[in-house]
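What follows is one structure encoded as structure tokens, with my remarks underneath.
In the text below, chain A, chain B and the rest are named by the order of the sequence lines, each starting its count at 1. These numbers come from the heavy atoms of this one structure, side chains and all, not from hydrogens, waters or symmetry mates.
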There are 2 protein chains.
Amino acid sequence: MPTLRDVARLAGVSISTVSHVLNKYDDINEETRQKVLAAIKKLDYHANSMARGLIKNKSSLIGLILFGEGIGHPFFHQVVRGTIDEVEKRDRNAILSTVPHDGYEAAPIFRKMHEHRLEGLIVLGLPEGHAAMARILNSKIPTLFVDAVVEGERIGSIRSDNFRGAFLATDHLLQLGHTRIAFVNEASEAAIFEERFRGYLAAHEKWGVEFNPALYIKTGNYRVEGYRAARELFERDRQVTAIFASSDRLAFGVMDELRRAGLQVPQDVSVVGFDDIELACFANPPLTTVRQNGNLMGERAAKELVAMLEDPEYTPAPILIDTELMVRESTGPVRGINARLSSA
Amino acid sequence: MPTLRDVARLAGVSISTVSHVLNKYDDINEETRQKVLAAIKKLDYHANSMARGLIKNKSSLIGLILFGEGIGHPFFHQVVRGTIDEVEKRDRNAILSTVPHDGYEAAPIFRKMHEHRLEGLIVLGLPEGHAAMARILNSKIPTLFVDAVVEGERIGSIRSDNFRGAFLATDHLLQLGHTRIAFVNEASEAAIFEERFRGYLAAHEKWGVEFNPALYIKTGNYRVEGYRAARELFERDRQVTAIFASSDRLAFGVMDELRRAGLQVPQDVSVVGFDDIELACFANPPLTTVRQNGNLMGERAAKELVAMLEDPEYTPAPILIDTELMVRESTGPVRGINARLSSA
DNA sequence: ATGAAAGCGCTAACAC
DNA sequence: GTGTTAGCGCTTTCAT
């Protein structure tokens, strides 16, 4: 690979002149500039970012750390895509790392994070209370957390308006006349699920419908767990007419069980999800769900992180991204299902 | 951030002694070594990989370039995950880049690839004949192509055994008594789709069933296109009893249309997909499909690429990953559907 | 407007 | 065993 020296030699100028041309200083004679440019082109010269980074003490590298399922989670890959594209636009690069599960040895990631002098971090899916949190905060690297509520200097966070999303979903069901609305929530300490629960509660309050604890189930985040949750639900209370799940995946699991039990959606039971993953509109029936704009979240995350990097004084306030209820065909007006259930 | 110098000063030794400790040379007195290690720990020292890379002329960075849908494609994120994990194990880092579509200005990516002195490239979803191919080959950077057949020095490629997968799928249908088996194939110049077509043909030949060109449809890679393809198929020939789609997504689209037309799967029409994405087993009915082991492909890709980086003489032969037919409930024995169709 | 030279943090060849 | 030193490719004063 050619170096500055080679370019300088070919152009018949000094090394620093070439550097000035490269860095667009305006103190170079146009003629000289052209000579240099020609040499650069001829040699197919590309500045060595390691040398540049070494002297400027900047790597231009941003770490994208995915905890848990990460990229496998249908919602996260929207975020990842949004992030990557934005990071690239801002002339930086994203280094991807995954921390599959809690027990996983995350130390190598932190080592690399320091060795490569990552300028900033974007963190997805970090479970509340995970040991990594302290290490990240401790690193003093500007970080943007997606879907986690963290505050601190040079720390940003972004999440959907989960409260409003869940409120909208529940309100929609109440409006359709449902009063026995179950909520299948992901059992995680993460604030976002707590927020969704509060939205569910708030809608009940608005309509003066009392919350029935038997209708609240906490579970995992896989489809089968939605399936099992629905089963347990019907064991607890056979009169449920609507189920709100805290993710589309869980909602699909719920529908699996409903189908197995011979119940029709939405005639017998209405179902609402959360996320609006690609599949939601292809489900049978198409799923009514709360849309999270993952791409936008990824973009904003990258944008705010880069803003922090470019202004050492800046710490963004927590960012809330609008959610939107997508009404499709898995929800309908309440209808008695008692007859069918008791004869089943 | 502390430097080698700081460590050396604190430990009361020279800079090169510290370097030797770091690089695990065995010519250091144990006592000295401990002093140095203590200083490193105390200062929380982390070697600067830019300085190291500069001198060693190695960035330890691998570019993961996603063309088209990339990460959004349900099959690719398995591959991405496999790649990332393996790359990390081998003490390198993956830089992610996306080239959303053909018209997209890919130049910045190539610039960065050179500036960061990427040691190797893993390329996913590069369409046949894309302009980027020449630039990649031209860069002389060792590259591993996933799902593309490319040969060249320091170039590797990996793909599923598409021929066998398609053969197995078609053979399965023929064995069930189907003879009018449509094939909905992604219309791409990519060799992998050609291979699947050949597998389809080969199974026909094995059973002495003649290929009917009217039953072969080329289309896009989105679900709606599977939907439309199925529609066109029935306009061409109402006696189709089985449909093989070149991706699960297309298969889902096909099933959408079947459902709309009031046809039962598999009683009226059998459907087989390709990929075995997470969703396949949750479809209704669960989809019979050809499994591609994306994770394994990602891992192998990373492994082979790193092998190339570590041995400058090595160029791997094209790699074929086994495919497997997952028989689920979307396929069943033939049954006449003529009656239903003509009365429809 | 251009060049000489110092030095970013590290490795490696060579002294001692 | 340990230290000295040159230099990786670049940016950046500071001269001229």
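Using cut-offs of 30° and 60° on the angle between ring planes, the pair B:His46 and A:His114 is parallel. The aromatic rings of A:His73 and A:Phe75 sit perpendicular, their planes meeting at an angle over 60°, well past the 30° parallel limit. Ring orientation note: the planes of A:Tyr25 and A:His20 are close to parallel, at an angle under 30° on the 30°/60° scale.
For the pair B:Leu54 CG and D:dC8 C1', the computed distance is 4 Å after rounding to whole Å. Protein atom CE of A:Met50 is 16 Å distant from nucleotide atom C1' of D:dT11, rounded to whole Å. Distance B:Lys35 NZ to D:dG1 P: 14 Å, rounded to the nearest Å. Here D:dT11 presents its P atom at 15 Å from CZ of A:Arg5, a figure rounded to the nearest Å. For A:Ile55 and D:dC10, the CD1 to C1' distance is 5 Å, given to the nearest whole Å. Rounded to whole Å, the distance from CG on B:Asp26 to C1' on D:dG1 is 11 Å. One can place OH of A:Tyr25 at 10 Å from C1' of D:dT13, the figure rounded to the nearest angstrom.
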Under-3.5 Å N/O pairs linking protein and nucleotides 2-5 of chain D:
| unit_1 | atom_1 | unit_2 | atom_2 | d |
| --- | --- | --- | --- | --- |
| D:dT2 | OP1 | B:Thr32 | OG1 | 2.5 |
| D:dT2 | OP2 | B:Asn29 | N | 2.8 |
| D:dT2 | OP2 | B:Thr32 | OG1 | 3.1 |
| D:dG3 | OP2 | B:Ser14 | N | 2.8 |
| D:dG3 | OP2 | B:Ser14 | OG | 3.3 |
| D:dG3 | OP2 | B:Thr17 | OG1 | 2.6 |
| D:dG3 | N7 | B:Ser16 | OG | 2.9 |
| D:dT4 | O4 | B:Ser16 | OG | 3.1 |

Listed pairs under 3.5 Å, donor-acceptor, residues 296-309 of chain A side chains, sequence neighbours left out:
| unit_1 | atom_1 | unit_2 | atom_2 | d |
| --- | --- | --- | --- | --- |
| A:Arg300 | NH2 | A:Glu304 | OE2 | 3.2 |
| A:Glu304 | OE1 | A:Tyr314 | OH | 2.6 |

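Among the heavy atoms of the strands lying under 4.0 Å from A:Asn23 are primed sugar atoms or P, OP1, OP2 only; no base atom is included.
The phosphate of D:dC10 has OP1 or OP2 within less than 4.0 Å of a side-chain N or O from A:Tyr45.
Protein chain A contacts DNA chain C over a range whose 5' and 3' limits, counting nucleotides with an atom under 4.0 angstrom from a non-hydrogen atom, are C:dA1 to C:dG9.
With hydrogens and angles ignored, the 3.5 Å screen pairs a side-chain donor or acceptor of B:Lys112 with a backbone N or O of A:Arg92.
For the residue pair A:Ala190 and A:Glu128, the shortest heavy atom distance occurs at CA-OE1, 3.5 Å.
Other residues, nucleotides and ligands place more than 12 heavy atoms under 6.0 Å from the CD atom of B:Glu30. Around the CD atom of A:Glu151, the shell of radius 6.0 Å holds no more than 12 heavy atoms that belong to other residues, nucleotides or ligands.
Between A:Asn48 and A:Thr3, the side chains place no donor N or O within less than 3.5 Å of an acceptor N or O (distance only, hydrogens not considered).
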